[in-house]
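Every heavy atom of this structure was used, including side-chain atoms; hydrogens, water molecules and symmetry mates were not.
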Amino acid sequence: MKKIAVILGARPNFVKAAPFFKEAKNHSNFEFSLVHTGQHFDENMSKIFFDEMEIPKPDIMFDIRGEMHTEKIGKMFNTMKEYFMDNNFDRVVVFGDVNSTLAGGIAAVKNNISLVHVEAGLRSHDRRMPEEINRVLVDHLSDLLFTTEPSGNENLKKEGIDESRIKYVGNIMIES
């Protein structure tokens with residue numbers, strides 16, 4: 001059985017994770033561990049999505065606080081790195097472009113765990129946006145990249161990512 005850590009932390013992740021976990025129920029050959037980074041943690045920005053979208057309860061939820069986003073990313077990374085060392089995961093799945101995505105991606109790579117990026121290849125081409133930096137970095141760290149649209153495939157190929165790692169799967173947000 002393959003052990004897979006699924007990293008969630010912010011509202012966009014929760015919405016994307018709902019159809020993922022509905023489908024995951026059909027795959028008993030995988031053991032999923034839901035890791036909530038605590039990026040969005042209050043009732044209206046987190047719990048309500050889990051309840052209304054029937055997302056499984058997190059196996060672990062971090063209490064991440066910090067003034068700056070870089071401080072939060074560092075705390076998420078350090079906490080996940082330790083969690084990954086203790087749990088022998090085969091894969092880590094991250095969604096989108098939030099800070100939890102970046103922290104999870106770096107922690108996976110630092111622990112030599114295969115990284116899967118859902119919603120890969122999207123680009124605004126505006127490097128002033130923190131999300132754009134997160135997208136690009138996670139895509140280049142990932143072993144398997146699931147894209148939402150053909151332009152995502154093209155963006156990744158232009159950036160030198162081997163086509164064998166890219167899988168066009170459609171838009172998981174629309175599935176929600």
Side-chain angles (χ1 to χ4, degrees), residues 2-24 30-122 124 129-146 148 172-173 175-176:
K2 296 274 187 184
K3 287 180 66 176
I4 300 174
V6 180
I7 310 303
L8 304 178
R11 286 180 299 176
N13 291 160
F14 308 147
V15 174
K16 294 166 194 165
F20 177 89
F21 279 108
K22 282 184 180 140
E23 179 61 27
F30 297 109
E31 178 185 332
F32 294 96
S33 177
L34 198 160
V35 178
H36 190 320
T37 68
Q39 182 176 340
H40 288 169
F41 52 86
D42 72 14
E43 181 90 15
N44 291 327
M45 293 183 63
S46 181
K47 187 177 182 313
I48 194 169
F49 290 91
F50 281 79
D51 293 345
E52 290 185 6
M53 300 185 88
E54 300 176 6
I55 301 168
K57 182 181 176 192
D59 294 287
I60 188 166
M61 183 168 175
F62 305 142
D63 184 17
I64 304 298
R65 303 275 193 253
E67 297 283 324
M68 301 174 64
H69 74 277
T70 52
E71 182 182 2
K72 290 178 187 175
I73 292 169
K75 287 179 179 180
M76 284 183 235
F77 164 74
N78 286 328
T79 307
M80 275 189 273
K81 188 172 179 238
E82 289 176 27
Y83 184 70
F84 292 167
M85 282 191 294
D86 294 339
N87 285 282
N88 297 321
F89 291 108
D90 296 294
R91 293 226 164 148
V92 170
V93 175
V94 295
F95 297 85
D97 58 13
V98 300
N99 291 336
S100 297
T101 303
L102 178 60
I106 295 170
V109 170
K110 285 295 191 179
N111 281 286
N112 296 312
I113 303 170
S114 179
L115 180 62
V116 178
H117 187 199
V118 177
E119 207 180 50
L122 297 178
S124 68
M129 296 175 59
E131 296 85 0
E132 181 73 356
I133 300 300
N134 293 352
R135 285 180 206 122
V136 172
L137 290 173
V138 172
D139 282 347
H140 284 268
L141 294 172
S142 295
D143 299 290
L144 186 57
L145 300 103
F146 293 145
T148 61
I172 198 164
M173 189 68 105
E175 295 295 321
S176 293

Selection residues 91-120 - residue pairs positive for ring-ring contact (aromatic ring centres under 6.0 Å, His included), sequence neighbours left out = Phe20-Phe95
Any residue meeting salt bridge (Lys or Arg N to Asp or Glu O under 4.0 Å) with Asp86, in chain and number order, not counting sequence neighbours | none
Value rounded to 0.5 Å, distance of CG in Asp51 from NZ in Lys57 = 11.0 Å
Would you list the pairs meeting salt bridge (charged side-chain N to carboxylate O under 4.0 Å, His left out) in which at least one residue belongs to residues 100-115, sequence neighbours left out?
-> none
If you take all heavy atoms of Met76 and Ser100, which pair is closest and at what distance?
-> SD-OG, 3.5 Å
What residues, two or more places apart in sequence or in another chain, satisfy side-chain contact (heavy atoms from CB on, under 4.5 Å) together with Asp90?
-> Lys2, Lys3
Of all heavy-atom pairs between Asp59 and Leu34, which one has the smallest distance, and what is that distance?
-> OD2-N, 2.6 Å
Validation row: Ser33, Asn87 side chains within 4.5 angstrom (heavy atoms) | no
Heavy-atom pair with the smallest gap, counting every atom of Leu115 and Ala108 = CD1-CB, 4.1 Å
What one should report as the nearest heavy-atom pair of Leu145 and Ser142 is CG-CB, 3.9 Å
Excluding sequence neighbours, so at least two apart, what forms salt bridge (Lys or Arg N to Asp or Glu O under 4.0 Å) with Glu132?
-> Arg135
Would you give the length of the straight line joining atom CE of Met61 to atom OG1 of Thr79, rounded to the nearest 0.5 angstrom?
-> 12.5 Å
Who pairs with Asp63 by side chain to side chain donor-acceptor pair (under 3.5 Å), at least two apart in sequence or on another chain?
-> Arg65
Does the side chain of Phe21 come within less than 4.5 Å of Met53's, by heavy atoms?
-> no
Beyond-backbone contact of Thr101 with Val98, side-chain heavy atoms, under 4.5 angstrom | yes
Partners meeting side chain to side chain donor-acceptor pair (under 3.5 Å) with Asn99 (sequence neighbours left out) = Asn134
Is the shortest heavy-atom distance from the side chain of Val35 to the side chain of Phe62 under 4.5 Å?
-> yes
For His140, the side chain to side chain donor-acceptor pair (under 3.5 Å) test, sequence neighbours excluded, returns Glu159
Got a sec, which residues hit side-chain contact (heavy atoms from CB on, under 4.5 Å) with Glu23, two or more places apart in sequence or on another chain?
-> Asn26, His27
Are any of the side-chain heavy atoms of Asp97 and Leu122 separated by less than 4.5 Å?
-> no
Check ring pair (Phe, Tyr, Trp, His ring centres under 6.0 Å) between Phe89 and all other residues, then give those that pass, not counting sequence neighbours.
-> Tyr83, Phe84
Locate the shortest heavy-atom distance separating Ser114 from Asp143; write the atom from each residue and the value.
-> CA-OD2, 3.1 Å
Within a strict 4.5 Å, meaning less than it, do heavy atoms of the Ile4 and Val116 side chains meet?
-> no
Are Ile7 and Thr37 side-chain neighbours, meaning at least one heavy-atom pair lies under 4.5 Å?
-> yes
